[in-house]
Amino acid sequence: MSLPKDQIYAEPLNAISGFVFDERVVSVFPDMIQRSVPGYSTIIAMTGVLAERYAQPHTNCYDLGCSLGASTLSMRAQLDNRNSEIIGIDNSPAMIERCRALLAADSHITPVTLHVDDINTTPIENASVAVMNFTLQFIALEQREILLARIGANMHSGGVLVLSEKIRFDDAHLQELNTDLHHAFKRANGYSDLEIAQKRSALDNVLIPETLTAHRERLQRAGFSSVDVWFQCFNFASLVAIK
């Protein structure tokens, strides 16, 4: 069955408001993210593999900014009989509502609890796995250090944080190159120049990317002793941080 197609920015808009995860986005989100984020399927699949490696019995695995639950479902498929619980958090009621329906159709048995909440304030307890796939980039810069420090403080030794983000480059040539390559990727997936331009305007001041160096240093300050990039394609990367 084909996915509902993302055409939110297909027609010229007189005014472009900031990007929000509302009902319009929820309805086309799987198509949107597959066509917009290079390597997304690989990142989601390996999130489950990483969870299987690092999840400790009788602990919690967090999907922070779970959206429609792709990472939750990937972890759930790998964690049957682990006696762990997956906790998904998202501040979009529309996302959580649709996520509940998708989980209801899933046959795996690992328990999942979903909450509509702000990940900046939601409790993090007894964690051995935390996943933030394309979530931190939407958090205010001044809140990121506090959030990651709280995750690190409430994670068991040997646990893992999977952090996937759009990134930027200090080198101006690399920034231009990787931006152009990303736009070429989107064109190859059927997006027009108008759609690319309008979506980019909507994300200005909403999605704030940082360099890999900034991410590594912050994770180390948050108490993660081993931090590295396990996947990168253009200006999208995923890091593993081991407590």
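Model, not experiment: these values are computed from the prediction.
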Does [X] reach the side chain of [Y], with side-chain heavy atoms less than 4.5 Å apart?
X: P209; Y: E165; answer: no
X: L212; Y: L239; answer: yes
X: V131; Y: Y62; answer: no
X: T135; Y: L163; answer: no

Output yes when a side-chain donor or acceptor of [X] lies under 3.5 Å from a complementary backbone atom of [Y], and no otherwise.
X: R98; Y: L68; answer: no
X: N126; Y: H58; answer: yes
X: K186; Y: Y191; answer: no
X: T72; Y: I87; answer: no
X: R150; Y: N120; answer: yes
X: Q175; Y: F169; answer: yes
X: N60; Y: E125; answer: yes
X: E195; Y: S192; answer: yes
X: Q198; Y: E11; answer: yes
X: D22; Y: V25; answer: yes

Under the side-chain contact (heavy atoms from CB on, under 4.5 Å) test, residues paired with E97 that sit two or more places apart: none
Show me the donor-acceptor pairs within less than 3.5 Å that the side chains of residues 222-230 make with the rest of the protein, sequence neighbours left out.
residue, atom, partner, partner atom, Å
S225, OG, I242, O, 3.4
W230, NE1, S238, OG, 2.8

From N91, V26, D90, residue fulfilling side chain to side chain contact (heavy atoms under 4.5 Å, CB included) relative to I96: D90
Please tabulate, for the side chains in residues 44-53, all donor-acceptor contacts under 3.5 angstrom to protein atoms that are two or more places apart in sequence or on a different chain.
residue, atom, partner, partner atom, Å
T47, OG1, I43, O, 2.8
T47, OG1, N133, ND2, 3.2
E52, OE2, R82, NH2, 3.1

Lys/Arg N to Asp/Glu carboxylate O, D31 vs R35, below 4.0 Å: yes
Salt-bridge present (E210, R168; N to O < 4.0 Å): no
Ring pair (Phe, Tyr, Trp, His ring centres under 6.0 Å) between F138 and F21, intermediate numbers included: CA-CA 11 Å; F138 292 104; F21 292 96; 5.2 Å; yes
